[in-house]
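These figures come from a predicted structure and were not determined experimentally. Reminder, nothing fancy here: chain letters follow the sequence lines and each chain counts from 1. Because only heavy atoms are used, hydrogens play no part in the values below, and waters and symmetry mates are left out as well, while side chains stay in.
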Amino acid sequence: MVSRYRAALLALIALMAFTALSSAQDVPTLRYFTWEVAQRGPEGEAAERALLDECAAEIGINVELESLVTPDFFQRVSALAAAGDLPDVFGVSSGTIDEWAADGLLLNIQKYVDRDIKPIQDKYFTGPFSTARYPKPDGDMFAFPYAIIHTVLWYNMDAFDAAGVPYPSEDGWTWDEFLAAAQALTVDKDDDGRIDQYGFWLYRGRYAQIEPWVYQNNGDLLNATKTRFEPDDNAIAALKFLTSLVTEYKVAPPPSEFAGFRMQDVFPLGYAAMWVDGNWQIANTRSQHADNPDISFRFAAAPIPRGTNWVKDVAYGWADMFGIAADTPYPDQAWELIKCLTGPRRTVQLSFAGKIPVWRATAESEEWLELDKLPPNKSFLLDWAQFIGPTTYTPGWSEWRGYADGAGLEGLIDAVLEGDLEFADMLSQATEKANSVLTRLYPEG
Amino acid sequence: MRHYHPITPYLFIGPMIGGLLLFRIGPIFASFLMSFTNWNIRTNPTWIGLANYQELLSSDVFWLVLRNTFVFVLTYVPGAMILGLLMALLVNQKLRGIAFFRGLYFMPFITSMVAVALAWNWIFSTRYGVLNGILTTFFGVQRGPAWLSDTNLTLWVLIVVSIWKSAGFQMMVFLAGLQGIPQNIIEAARIDGANRLQMFRHIVLPLLSPVTFFVLIVSIIDAFKTFEVTYTMTQGGPRGSSSTLAYFIYQNAFVYQRMGYASSIAYVLVLLIAIVTIANFWVRRYWVAQQVN
C-alpha cells in the first residue's frame, strides 16, 4: 500500500517537474509586422532578421517577422484587426494613428515611455513624438517613432551649374528667387521646340508636394480643430503659386506630359531640375543613377522656399512608428522589442536611406551622414527636422486627400494643372468633397 | 449490383458543398447585411439602414463610375467578341504551324496583367511612348495625346488593352465552336453555289450561335467585373474618368476602408449583372439556334 502511495507521489513530483521545466522553456513568440523591411529588399530583410535575433535573445522571446510594402501593408493589417488577430508589434502610420487609437486597437504606451525613455530623452529626436499622441496635441503616446520623415526641395547641382544659377540658400529662398531659378533652368537643349529640362516638377496635388509650400507660407488647409477643410488665405496663395508654375510660368510640365513615368523618376532622370518630396527619395534617386550612370548628376537638398506670408520655417514632416496591439498577451515584451528596434541597434544599414533614425547618435554619425555620397549636405536633413510642424492627417485623409488613388484634392489640383478646371472651381469642389468626408466622420464639426 | 447507403453520395459532395456555403454563399449573404452598416473593418459594424444606398444614389462619383462601366461593357463586349471571332476564323485553317499562331494569339490572355500594364504604359506614355512616337514620325503630330491622363481618353485606353488581352480567350471558344460545325453542311452549301460570305452569314453564324451566346454572357460578366487593368494602369484616374464599378468597390473597401458602402456598390453590380444576364437568356430564343436531336 505504502509503495503504491510512494509511486503515486513520485509520479506527481515528476509531473510537476516536467510542467515547471516545460513552462520555463515556453518562450513567448511575438509577431512583428512592418512595411519598412519589404521596401528595403532581400538584403534589408536579412539584416532586419539579424537585428530581431539579437533583440529576441536579449528579451527572451521569439519573433516572427512579416513584411509587406505599402499600401498592401495597411490593407492586411486592417484585415488582421478585423479578425482580432493583430500582430503584437506592427508599423503604424502617422496618417492613421488617430483612428487606430480611437478604435482601441493600440496599446497606450505612455507609462513605458515615461519609465524608460524620458530619463534618456536627449538621446532621441523627440520632435516627432507628438505625431504618436492621441488625442492631439497633448494626449498619451500610442506608438513609438523609429524614423523621421519630412519633405525638402531637391535640386540638380549640375543643372544649376550649367545654367549659372546659384544653389538655393540653406537659409531659404523666397518664392521670387525660386521662380527666377526655375525659369533659368527650364531649357530646350536641342531647339526642337520641346522643353528637355523643366525647372520644377509638380506631380498632381500630391500631399508631399503641396503641404510643404502651404506651411512655408504660414497657411493651413484645415481649420484649427482639423475637422473641416478650410484653406486660409495663405494656403490659397500657396496653391495659386504652385499651380501657376505649370499654367502661367510654364516652368513645370503638366503631369500628363510624363504619364507612363513613375512620378518619382522624373527628377532622377533629369527631366526637371528641382522638385519637392520626401527625404526618402534619396534611395530612388541613387538607384536610378546606379542603373543609368550616363544621366547621373549631383543633387542636394534645400529648404522649401518661403512664401510671401512666411513667418517662420515650418517643415512638413511626420514619423514612421511601431505600435503594440491593445490585446497582446505580451505587452512588456512587445515594448522591450520596440525599444530594441528603435535604439542604437538600428544602425544605418538597417535604416531606409534618407529617413532619419530617431536614435540621435545613429542619425548624427558620419556613417549616416555619408559624406562621400550624394547628397553632399545630408546634415541639412537633420537641421530641417527641427522645424517639423503640423500635418493635414485626419481620419478619412486618404479619401479626401486622394492618397493612393489620385482622387479628391489631389485629382482636382491635377485638373487645374491640366487646364481642365479653373482654380476657383477647384477650390470650391475640393472644399465640398473634403468636407463631405470630414462631415461624415465629424458630424459635429 | 452493389447498393450504397443513401447518404453516401452526400458524404462525397459534402466537403465541396460545405466549402461553397462557407466561402461563397456565406459571404454573399454577409455582404448583403454589411451593405446596411457602417463598417471600417477594424471595429464592429453599426447598423445604418439604407444610408449607404442613399449616399450611393446621390453621389456624382457613383454615376460617373456607372456610366464608365456601361461604356466599357458596351464597347469591350462587341470589340472582344468580333476580334475573337475574326481571329478564330483566321486560325481555323489547316496550315503548317497554325498551332503556333493559335498559341501566339492566346498568349495575352495568360500573360500577367502587371506585365501587360508595364508594356502598354510604355506604348501609351505621352512623351516617350511608342504610339506617340509613331504619330510624330509618320504623321507629323508635334505633341501626341496624353493617353493615360486625359479624362476623355483613359477609359478608351483601358478598353483597347482589355480587348487585346482577352480576345485570345474568345478566339479559343469560337474556334472550338467552328470546329464543331459539321463539314457536310458546308460542303452542301458550297455545291449549291453559296459564296464564302453567304456560307458565313447563313450557316456558320447560326450554327455558332450557342457558342456566341456563351461567349456573350461570359464577356458581359467579365466586363462588368473589370478590375485588374484599371488597378494596374490608371487606378481609376484621372479624377475617376477610368474607374469602373469593380474598381470603385475595391477603392471604397480597401483604400477608404468603407466596407458597408463598398458592399452596397457590390449589390448594385450584382443587380446589373443579373438583369443583363436574365435579359440575355430571355432574348436568346430569338437568335440562338436550338439543338435538334
A:Ala83 versus chain B, the contacting section by heavy-atom distance below 4.5 Å: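 When you check distances to chain B, no heavy atom of A:Ala83 falls under 4.5 Å.
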What option among [options] has the most heavy-atom pairs under 4.5 Å with chain B?
| options | result |
| --- | --- |
| A:Glu418, A:Glu410, A:Glu99 | A:Glu99 |
| A:Gly104, A:Ser78, A:Gly408 | A:Ser78 |
| A:Pro71, A:Ala81, A:Gly260, A:Ala415 | A:Ala415 |

Taking 4.5 Å as the heavy-atom cut-off, does anything in residues 23-45 of chain B contact chain A, and if so which residues?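 Expected list: B:Trp39, B:Asn40, B:Ile41, B:Arg42, B:Thr43.
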Neighbour count >12 (heavy atoms, 6.0 Å) for atom CD, B:Gln142: no
Inspect the surroundings of CD in B:Gln235 and state if more than 12 heavy atoms from other residues, nucleotides or ligands are less than 6.0 Å away. yes
From [atom1] ([X]) to [atom2] ([Y]), nearest 0.5 Å:
| X | Y | atom1 | atom2 | result |
| --- | --- | --- | --- | --- |
| B:Asn252 | A:Glu399 | CG | CD | 6.5 Å |
| A:Lys433 | B:Asp60 | NZ | CG | 10.0 Å |
| B:Ser149 | A:Phe258 | OG | CZ | 11.5 Å |

Go through it in stages, so that I can follow the logic: the residues are B:Phe254 and A:Phe74, the test is side-chain contact (heavy atoms from CB on, under 4.5 Å), and I'd like the CA-CA distance, side-chain angles, deciding distance and then a yes or no. CA-CA 9 Å; B:Phe254 299 107; A:Phe74 296 110; over 6 Å; no
Neighbours of chain B found in residues 187-207 of chain A - heavy atoms under 4.5 Å: A:Gly193, A:Arg194, A:Ile195, A:Asp196, A:Tyr198
Stepwise side-chain contact (heavy atoms from CB on, under 4.5 Å) check, B:Arg239 with A:Leu421: CA-CA 12 Å; B:Arg239 304 187 290 289; A:Leu421 198 62; 5.9 Å; no
Report the C-alpha distance between B:Tyr261 and A:Arg440 in whole Å, list the side-chain angles of each, state the deciding distance to 0.1 Å, and finish with yes or no for side-chain contact (heavy atoms from CB on, under 4.5 Å). CA-CA 13 Å; B:Tyr261 189 57; A:Arg440 196 178 70 232; over 6 Å; no
Would you check if the side chain of B:Thr126 reaches a backbone N or O of A:Ser256 as a donor-acceptor pair within less than 3.5 Å?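 Flag set: sc B:Thr126 to bb A:Ser256 pair under 3.5 Å.
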Does the ring center of B:Tyr128 lie less than 6.0 Å from the ring center of A:Tyr271? yes
Show the nearest heavy-atom pair for residues A:Ala407 and B:Tyr256, with the distance to one decimal. CB-OH, 4.0 Å
